[in-house]
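The structure appears below as structure tokens.
Position 1 is the first residue of the sequence; numbering continues from there.
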Amino acid sequence: LLTGRPAKGPVAGVMALALVTWGSDYATLSIFGAAAAFVPSFVRRQMKENARWRLRLQVREFVAELRLALALNVTVSQALEHIADRSEQNKSFFGDRIRHHVERTLRMDGPEKMLEARAEDFLSEDLRKLLVLVRAALRGGMSLSEALAQSSDSIAQNIVSSAELSIEEM
């Protein structure tokens with residue numbers, strides 16, 4: 001408005017409301033009412049951020065469980081089936097999706113496609129990195145335990161750095 005460009009979105013609505021009610025008894029109430037309109041978007045943004053954090057922590061737990069299961073000298077498929085069986089006890093959306101992909105993708109296409117489906121399902125960068133490392137291990141570029149350890153360390157570092165950045169932004 002002051003820059004010569006027309007205001008857009010909620011800011012324009014607040015400014016228009018302020019101009020219309022200026023000088024009346026309702027000017028203050030209209031401004032607070034317009035500000036209250038931003039509360040749902042703030043809450044929604046906070047809920048999305050919390051869901052992202054929960055997902056990252058669940059991916060970290062998933063990698064840790066996969067490492068433990070593979071330490072028992074089983075195949076990747078057997079380890080994923082074991083994790084799916086254990087996730088029946090912890091009712092979470094992440095666990096439900098693991099069971100779904102183990103039942104559908106793992107038995108038909110193998111562990112690599114199952115992990116790829118998981119990464120696409122959650123749009124998770126951590127799962128994509130895990131997939132790249134597992135592919136390298138399955139093709140002989142590194143051991144599977146080394147790939148999982150590297151993935152686990154990377155996820156933990158990313159969580160810590162994201163938390164530090166989030167705290168600095170507050």
Side-chain angles (χ1 to χ4, degrees), residues 8-10 13 35-170:
K8 294 183 180 180
F38 291 105
V39 171
S41 65
F42 173 76
V43 169
R44 192 173 327 120
R45 184 173 48 245
Q46 197 64 36
M47 288 174 63
K48 283 182 181 179
E49 188 65 28
N50 290 344
R52 274 191 220 106
W53 279 103
R54 265 193 316 275
L55 175 64
R56 294 188 88 179
L57 293 173
Q58 288 174 338
V59 168
R60 184 185 68 181
E61 290 172 10
F62 171 72
V63 172
E65 283 187 53
L66 190 57
R67 284 178 72 185
L68 287 173
L70 287 171
L72 300 173
N73 291 328
V74 297
T75 65
V76 178
S77 296
Q78 290 170 333
L80 290 169
E81 286 178 357
H82 173 72
I83 291 171
D85 291 340
R86 286 200 50 190
S87 67
E88 283 183 34
Q89 299 165 358
N90 326 351
K91 295 293 183 184
S92 70
F93 184 69
F94 189 80
D96 290 343
R97 297 308 297 165
I98 287 175
R99 278 193 309 282
H100 170 78
H101 284 294
V102 164
E103 292 170 1
R104 305 283 190 293
T105 313
L106 179 65
R107 295 188 178 122
M108 300 291 281
D109 300 321
E112 193 175 329
K113 289 290 185 186
M114 185 266 186
L115 289 173
E116 184 178 349
R118 300 281 310 126
E120 289 174 9
D121 197 13
F122 282 105
L123 302 173
S124 170
E125 192 61 36
D126 296 328
L127 285 172
R128 284 190 188 103
K129 290 177 184 175
L130 172 65
L131 177 63
V132 168
L133 292 171
V134 167
R135 281 181 175 159
L138 292 175
R139 287 182 176 74
M142 66 174 75
S143 73
L144 200 51
S145 61
E146 183 182 331
L148 291 173
Q150 188 175 349
S151 176
S152 180
D153 292 343
S154 171
I155 291 170
Q157 279 182 332
N158 287 343
I159 289 174
V160 168
S161 63
S162 294
E164 288 173 350
L165 183 65
S166 179
I167 290 170
E168 286 177 8
E169 288 177 350
M170 289 183 155

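Of all heavy-atom pairs spanning E112 and L131, the tightest one is O-CD1, 3.5 Å. The two atoms that bring L80 and M114 nearest to each other are CD1-SD, 3.9 Å, heavy atoms only. The heavy-atom pair separating R118 from L127 by the smallest distance is O-CD1, 3.7 Å. Considering all non-hydrogen atoms of both residues, I159 and R56 come closest at CD1-O, 3.9 Å. R99 approaches A84 most closely through the heavy-atom pair CG-O, 3.3 Å. Contact record, L148 with V63: O-CG1, 3.8 Å, taken as the closest heavy-atom pair.
Rounding to the nearest 0.5 Å gives a distance of 10.5 Å between OG of S152 and CD of Q157. For the atom pair CG (D153) and CG (N158), the distance works out to 11.0 Å, reported to the nearest 0.5 Å. Between atom CD of residue E65 and atom CD1 of residue I98 there is a gap of 7.5 Å, rounded to the nearest 0.5 Å. Atom CG of L70 and atom OG of S143 lie 10.5 Å apart (nearest 0.5 Å). The distance from the CE atom of M108 to the CD atom of E103 is 13.0 Å, given to the nearest 0.5 Å. Separating the CG atom in D121 from the CG atom in L115 is a distance of 12.0 Å, to the nearest 0.5 Å.
Side chains of R52 and S162: no donor on one and acceptor on the other come within 3.5 Å.
Between F93 and F122, the ring-plane angle classifies as perpendicular under the 30° and 60° cut-offs.
D126 has no carboxylate O lying under 4.0 Å from a charged side-chain N of K129, or vice versa, which leaves the two without a salt bridge.
By the neighbour-count criterion of 12 heavy atoms within 6.0 Å, atom CZ of R135 is densely surrounded, having more than that number from other residues, nucleotides or ligands.
A side chain to side chain contact (heavy atoms under 4.5 Å, CB included) with P111 is found for exactly one of T75, L66, V134, V76, namely V76.
The ring-ring contact (aromatic ring centres under 6.0 Å, His included) contacts involving residues 144-167 comprise nothing, where partners must be two or more places apart or lie in separate chains.
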Side chain to side chain contact (heavy atoms under 4.5 Å, CB included) assessment of R45 paired with E49 = CA-CA 6 Å; R45 184 173 48 245; E49 188 65 28; 5.8 Å; no
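Contact annotation: the side chain of L57 never approaches that of F94 to less than 4.5 Å [non-hydrogen atoms, C-beta and beyond].
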